[in-house]
Amino acid sequence: MFPSPCVGKWARKSVSTIISATSFIVFLIFDFLDIIFCIIYRYLDGFFEGKPSRCFCGDRGEIQGSVGDDGDSELSETLYRRNNVFRGMRFLGLGRNWENSKKSFGGGCGRRIWSDCGCESCVSWMKKDGGHSLHVVVKEPSTAAGDLTENVIFLHGFLSSSSFWTETVFPNLSEPVKRNYRLFAVDLLGFGRSPKPKDCYYTLRDHLEMIEKSVINPFVLKSFHIVAHSMGCTISLALAAKYSNCVKSITLVAPPYISSSKEEASLTALQQLAGKRLWPPLLFCSSFMSWYEHLGRCVCLLVCRNHRIWERILKLLTWRRDLHFMIMDMTKHTHHSAWHSMHNVICGGAKFLEEMLENLMKSGAKICVIQGDEDKVIPLECGKNIKSKVPNAEISIIPNADHIGVIIGREKDFTRNLEHIWASSTDTE
């Protein structure tokens, strides 16, 4: 005997209802806890640092007033339009004087003394002389010089660093490329060994200016290729659009491009890339860290600030002297840098991507998209969206590869593919 179609339909509807109800309750609890921790962190920051914390739990008018017109134009709508049913709880003391917070919130590139890690690796950028430049790993060519040298800029994704490239692509380069190419693997602002300023909003402009200051200007790059993964793709498109006459090729690996109207692009990107979901676990983690500013800070306080302890525990459990670089990279950020980069780059940058692609299409720069067909982080349709905007874009779908597996595990094939892209873009000039 087989169950009737009506029974099967009723069962599916019941399961869907249970999942929806559970999800509503869980995220309702998170909404309440996030507001509570907003108050807690406000007073903890004031007690330990003498400065009240600044966040996005107020209404839009208060936030705009504290940031100013220039800063607000760069902020993503997702920062202050995230739904939270308890946001208006003024009776709990949530009302803030944002102007006073702005005046008392210290400037400079210091860290949060009590909640950010102060180990040698995490504060190494503070000891640099002559300002705050990004940490850049430069691999010089062995023979070529001057105009014969090809330049390539590598930009990593979210919660990563330059190691993503130096541990995968750099060791697998062919001899001709080693002789003629100069490679720049960048630690983006707020990640790896690069500066993590606490008075920065980590907007597209902030990231772009630091790349210019640390790579484009000091090395006087007149032409270059760009390779980027995930979040780095948005920054790479902004860089390529600004330097459209200099860019030879842009390789976008798992680009987060969600097609939508400019007015709703940021919120659509948040819903598509980090919507409130309990399953699968990876998407639940993304939604938790993207929707809850203060609960996310709790996670970073536990994990990132104490990463040395967790690393020791993992080494004991795995009997390994050196941990995988991706595990090490996961904690090389502050909550402040990760939170703002997620919203102001991945979500906020979504409203500028269409215009950037149009500028690049006019310039004739070669655009290549590489994505795994099992990517659970970036929808497969993102590559198709780029193809619809730039018909000449080359799309490569890698079978049985996820968001990281599109590179990790197939490093040699991926590197050969990159070298082919660089060579073909040079030949067509």
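Residues take their numbers from the sequence shown, with the count starting at 1. Below, each value reflects all heavy atoms present in this structure, side chains not excepted, and no hydrogens, waters or symmetry copies.
Annotation for His324: atom NE2 counts as buried by contact number, over 12 foreign heavy atoms lying within 6.0 Å. The number of heavy-atom neighbours closer than 6.0 Å to CZ of Phe24, taken from other residues, nucleotides and ligands shown, is 12 or below. For Glu355, the CD atom is loosely surrounded, since the number of other residues' heavy atoms within 6.0 Å does not exceed 12. Within a 6.0 Å radius of CZ in Phe414, other residues, nucleotides and ligands contribute more than 12 heavy atoms. Dense packing is recorded around CE of Met361, with more than 12 heavy atoms of other residues, nucleotides or ligands lying under 6.0 Å away.
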Item to complete: Just do the side chain to side chain contact (heavy atoms under 4.5 Å, CB included) check on Met356 and Leu204 with the steps written out, would you?
Response: CA-CA 12 Å; Met356 294 172 187; Leu204 262 179; 3.8 Å; yes
Practice prompt. Could you give me the CA-CA distance, side-chain angles and deciding distance for Ser260 and Thr268, then say whether side-chain hydrogen bond (donor to acceptor under 3.5 Å, both in side chains) is met?
Written response: CA-CA 7 Å; Ser260 178; Thr268 301; 3.2 Å; yes
Worksheet item: What's the verdict on side chain to side chain contact (heavy atoms under 4.5 Å, CB included) for Leu221 and Phe184, showing C-alpha distance, side-chain angles and the deciding distance?
Response: CA-CA 11 Å; Leu221 300 189; Phe184 303 88; 4.0 Å; yes
Fill in: side chain to side chain contact (heavy atoms under 4.5 Å, CB included) between Ser124 and His135, intermediate numbers included
CA-CA 10 Å; Ser124 60; His135 175 74; over 6 Å; no
Fill in: Stepwise salt bridge (Lys or Arg N to Asp or Glu O under 4.0 Å) test for Lys198 and Asp45
CA-CA 13 Å; Lys198 65 180 181 181; Asp45 286 339; over 6 Å; no
Discussion item. Is there a side chain to side chain contact (heavy atoms under 4.5 Å, CB included) between Thr318 and Leu323? Walk through the geometry before answering.
Written reply: CA-CA 9 Å; Thr318 60; Leu323 297 175; 4.2 Å; yes
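Taking the centre and axis of the six-membered ring of Phe219, the NZ or CZ atom of Arg182 falls outside the cone set by 45° and 6.0 Å.
At least one donor-acceptor pair closer than 3.5 Å links the side chain of Lys387 to the backbone N or O of Ala393. Side chain of Arg305 to backbone of Trp114: a donor-acceptor contact under 3.5 angstrom is found. One N or O on the side chain of His156 and one on the backbone of Leu188 form a donor-acceptor pair closer than 3.5 Å. The closest donor-acceptor contact from the side chain of Ser162 to the backbone of Asp187 lies at 3.5 Å or more, if one exists at all. Gln371 places a side-chain N or O within 3.5 Å of a backbone atom of Ile378 that can act as its donor or acceptor partner. Under a 3.5 Å cut-off, the side chain of Asn151 and the backbone N or O of Ser223 do form a donor-acceptor pair. No donor-acceptor pair closer than 3.5 Å links the side chain of Glu167 to the backbone N or O of Phe325. Listed for the Arg410 side chain is a donor-acceptor partner under 3.5 Å among the backbone atoms of Val406. Side-chain atoms of His336 never come within 3.5 Å of backbone atoms of Lys196 as a donor-acceptor pair (strictly under, hydrogens ignored). Put simply, the side chain of Asp373 never gets that close to the backbone of Ile397: no donor and acceptor are under 3.5 Å apart.
Between Glu354 and Lys389 a salt bridge is recorded (basic side-chain N to carboxylate O distance below 4.0 Å). Residues Arg308 and Glu311 are not paired through a salt bridge, judged by the lack of any N-O separation under 4.0 Å between the basic side chain and the carboxylate. Between Asp31 and Lys276 there is a salt bridge, with a side-chain nitrogen of the basic residue lying less than 4.0 Å from a carboxylate oxygen of the acidic one. Using a 4.0 Å cut-off between charged side-chain N and carboxylate O, Glu175 and Lys178 make a salt bridge.
Here the closest heavy-atom approach between residue Cys382 and residue Pro255 is recorded as CB-O, 3.2 Å. Counting all heavy atoms, side chain and backbone alike, Leu159 lies closest to Phe191 at N-CE2, 3.8 Å. Shortest non-hydrogen contact noted between Met210 and Pro195 is CE-CG, 4.5 Å. Pairing each heavy atom of Cys200 with each of Leu189, the nearest pair is SG-CD2, 3.9 Å. The heavy-atom pair separating Pro256 from Leu273 by the smallest distance is CB-CD1, 3.9 Å. The two residues Glu77 and Ser266 make their nearest non-hydrogen contact at OE1-OG, 3.2 Å.
When only modelled atom types and interatomic distance are considered, Asp375 and His403 share a side-chain donor-acceptor pair under 3.5 Å. Between the side chains of Ser388 and Asn385, no donor-acceptor pair is found at a separation under 3.5 Å. A side-chain donor-acceptor contact under 3.5 Å links Tyr243 and Glu212. Ser76 and Asn344 share no side-chain donor-acceptor pair at under 3.5 Å. Donor-acceptor pairing under 3.5 Å is lacking for the side chains of His225 and Thr251.
Listed by first and then second residue, the salt bridge (Lys or Arg N to Asp or Glu O under 4.0 Å) pairs that reach into residues 315-341 are Asp329-Lys332, sequence neighbours excluded.
With rounding to the nearest 0.5 angstrom, the CG atom of Leu314 is 14.5 Å from the CH2 atom of Trp319. With values rounded to the nearest 0.5 angstrom, Cys122 atom SG is found 10.0 Å from His333 atom NE2. With rounding to the nearest 0.5 Å, the separation of CG in Asp34 from SG in Cys38 is 7.5 Å. Here Leu28 contributes atom CG and Ser23 contributes atom OG; the two are 10.5 Å apart, rounded to the nearest 0.5 Å. From Ser287, atom OG reaches atom CG of Leu278 across 7.5 Å, with rounding to the nearest 0.5 Å. In this structure, CD1 on Ile211 lies 11.0 Å from CG on Asp206, to the nearest 0.5 angstrom.
Contact annotation: the side chain of Trp279 approaches that of Pro281 to within less than 4.5 Å [non-hydrogen atoms, C-beta and beyond]. Side-chain contact check for Ile408 versus Thr168: some heavy-atom pair is nearer than 4.5 Å. Counting only heavy atoms from C-beta outward, the side chains of His307 and Met330 never approach each other to under 4.5 Å. For the pair Ile18 and Thr22, the minimum side-chain heavy-atom distance is below 4.5 Å. Between Glu419 and Leu173, the closest side-chain pair of non-hydrogen atoms falls below 4.5 Å. Here the side chains of Leu75 and Tyr201 are in contact, with some heavy-atom distance below 4.5 Å. Inter-residue side-chain proximity for Ser174 and Arg416 is flagged as met; some heavy-atom pair is nearer than 4.5 Å. Contact of the Val247 side chain with the Phe224 side chain is registered, since non-hydrogen atoms from C-beta on lie closer than 4.5 Å.
By the ring-ring contact (aromatic ring centres under 6.0 Å, His included) test, Phe27 pairs with Phe30, sequence neighbours left out.
Aromatic rings of His340 and Phe56 (six-membered ring for Trp) have centroids within the 6.0 Å cut-off, being under it.
Note on ring orientation: taking the six-membered ring where Trp is involved, the planes of Phe154 and Phe170 are perpendicular (angle over 60°, cut-offs 30° and 60°).
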